[in-house]
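See below for the structure under consideration.
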Amino acid sequence: MEKSKVLVVGGTGYIGRKIVKASLEQGHETYVLQRPDIGLDTEKVQMLLSFKKQGAHLVEGSFSDHQSLVDAVKLVDVVISTMSGVHFRSHNLLMQLKLVEAIKDAGNVKRFLPSEFGMDPALMGHALEPGRVTFDEKMTIRKTIEDANIPFTYISANCFAAYFAGNLSQMGTLFPPRDKVVLYGDGNVKVVYMDEEDVGTYTIKTIDDPRTLNKTVYLRPPENILTQRELIEKWEKLTGKQLEKSTLSEHDFLSSMKGLDFASEVGMGHFYHIFYEGCLANFEVRDEEEASKLYPEVQYTRMDEYLKLYV
């Protein structure tokens, strides 16, 4: 079967670059949207040029020029959006509505993967304010896709390791603590940690797979379903040093959110659902919906291996 041509929108972003890399590695003709609002951001320009050097095509398109988006979409079979959904960066999920319109008008797309890559928003209807805005917006995008009968795959990638594993799930830092570590509650709630390279690999695997058409695919490889305590134990084993542990009760965690700036409140709300409620692993996933079962050939990175980077 001929491999689909892929357009990545948001290719210079944190997860976007991993998806561009995986698309090229898996032999797909890969296009990256080059938007005029990149301006004088030399880092993003350098990244686009490095994609080009690796064989990707840069295609100009702007969210303020509908026809340019339609023209870009017409070049490919699959569109993957990785636009930012985190508030401490550039939260712009609803801009995807313009992309959905372009896909609808182009009429040629075999699969659209909107910017999801976190917890499954369909299961987060009860989420705390103000953090629920992320899930509400993702559900708005889903409804628009489904109303337009655009074929889709939704990727639930859980916790990116760089944000949640390397720091032993501590807030406000991306490096592991050297002496003391805070446990959320008893630290025994199951969490799913994913190396971002694997998120890219699994995502691209789904795009030509009939089994994943109009489905949500969960990235939940069994050896990466760990409690916070288990993650810390892996770190202690690697370093040969025990960390001093303190616990933060659910009540104290929720109290500490009050009066914070909007982006911090959003982030802490998500932490609450992950580490106290256990929203990533408190439901069953069938084998045909779980990436490591669908693609057993992928040698995913285990967290003890990942943590070696930080020793």
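FYI, side chains are in, hydrogens and waters are out, and symmetry mates aren't considered; it's all heavy atoms of this structure. What you see is a predicted model, and the numbers here were worked out from it, not measured in a lab.
Leu280 and Val189 are assigned to two separate hydrophobic clusters, defined by single-linkage of ILVMFWY side chains at heavy-atom distances under 4.5 Å. Both Val59 and Val100 belong to a common hydrophobic cluster when Ile, Leu, Val, Met, Phe, Trp and Tyr are linked at side-chain heavy-atom distances under 4.5 angstrom.
Environment of CD in Glu129: crowded, with over 12 heavy atoms of neighbouring residues, nucleotides or ligands closer than 6.0 Å. Heavy-atom contacts from other residues, nucleotides or ligands closer than 6.0 Å to CD of Glu297 number more than 12. Atom CD of Glu288 has more than 12 neighbouring heavy atoms from other residues, nucleotides or ligands inside a 6.0 Å radius. More than 12 non-hydrogen atoms from other residues, nucleotides or ligands lie less than 6.0 angstrom from NZ of Lys3. More than 12 heavy-atom neighbours from other residues, nucleotides or ligands sit within 6.0 angstrom of NZ on Lys241.
Between Lys143 and Glu146, no side-chain nitrogen of the basic residue sits less than 4.0 Å from a carboxylate oxygen of the acidic one, so the salt-bridge criterion is not met. Between Asp209 and Arg211, at least one side-chain N (NZ, or NE/NH1/NH2) sits under 4.0 Å from a carboxylate O, which counts as a salt bridge. The pair Asp195-Lys18 does not meet the salt-bridge criterion, since no charged nitrogen lies less than 4.0 angstrom from a carboxylate oxygen. Classification of Glu305 and Lys308 as a salt-bridged pair holds, one side-chain N sitting under 4.0 Å from a carboxylate O. Ion pair Arg286/Glu289 flagged as a salt bridge, since at least one NZ, NE, NH1 or NH2 atom sits closer than 4.0 Å to an Asp/Glu carboxylate oxygen.
Taking the six-membered ring wherever Trp is involved, the centroid distance between the rings of His126 and Phe135 does not fall below 6.0 Å. Ring-centre distance between Phe51 and Tyr31: not below the 6.0 Å cut-off. For an aromatic pair to be called close, the ring centres must be under 6.0 Å apart, and Tyr300 with Tyr306 fails this.
Looking at residues two or more places apart in sequence or on another chain, you find a side chain to side chain donor-acceptor pair (under 3.5 Å) between Ser62 and Ser64. When the ring-ring contact (aromatic ring centres under 6.0 Å, His included) test is applied to Phe175, no partner is found at least two apart in sequence or on another chain.
Proximity of a side-chain donor or acceptor of Gln26 to a complementary backbone N or O of Thr201 within less than 3.5 Å is detected. Here the side chain of Asn167 pairs a donor or acceptor atom with the backbone of Tyr163 at under 3.5 angstrom.
Classified by interplanar angle (parallel below 30°, tilted 30° to 60°, perpendicular above 60°), the ring pair Tyr184/Phe275 is tilted. Between Tyr276 and Tyr272, the ring-plane angle classifies as parallel under the 30° and 60° cut-offs. Ring orientation note: the planes of Tyr154 and Phe152 are close to parallel, at an angle under 30° on the 30°/60° scale.
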**Item:** Evaluation steps, ring-ring contact (aromatic ring centres under 6.0 Å, His included), between Phe283 and Tyr218
**Value:** CA-CA 11 Å; Phe283 60 97; Tyr218 297 90; 5.5 Å; yes

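Atom OG1 of Thr301 sits about 11.5 Å away from atom CG of Leu307, to the nearest 0.5 Å.
Residues Tyr193 and Asn158 have side chains that never bring a donor and an acceptor to within less than 3.5 angstrom of each other. In summary, the side chains of Ser23 and Glu25 do not present any donor paired with an acceptor at a separation below 3.5 Å, with no hydrogens or angles considered.
Side-chain contact between Leu40 and Thr42 is absent, with no heavy-atom pair separated by less than 4.5 Å.
Residue Arg111 forms a side chain to side chain donor-acceptor pair (under 3.5 Å) with just one option from Thr212, Asn214, Asp77, and that option is Thr212.
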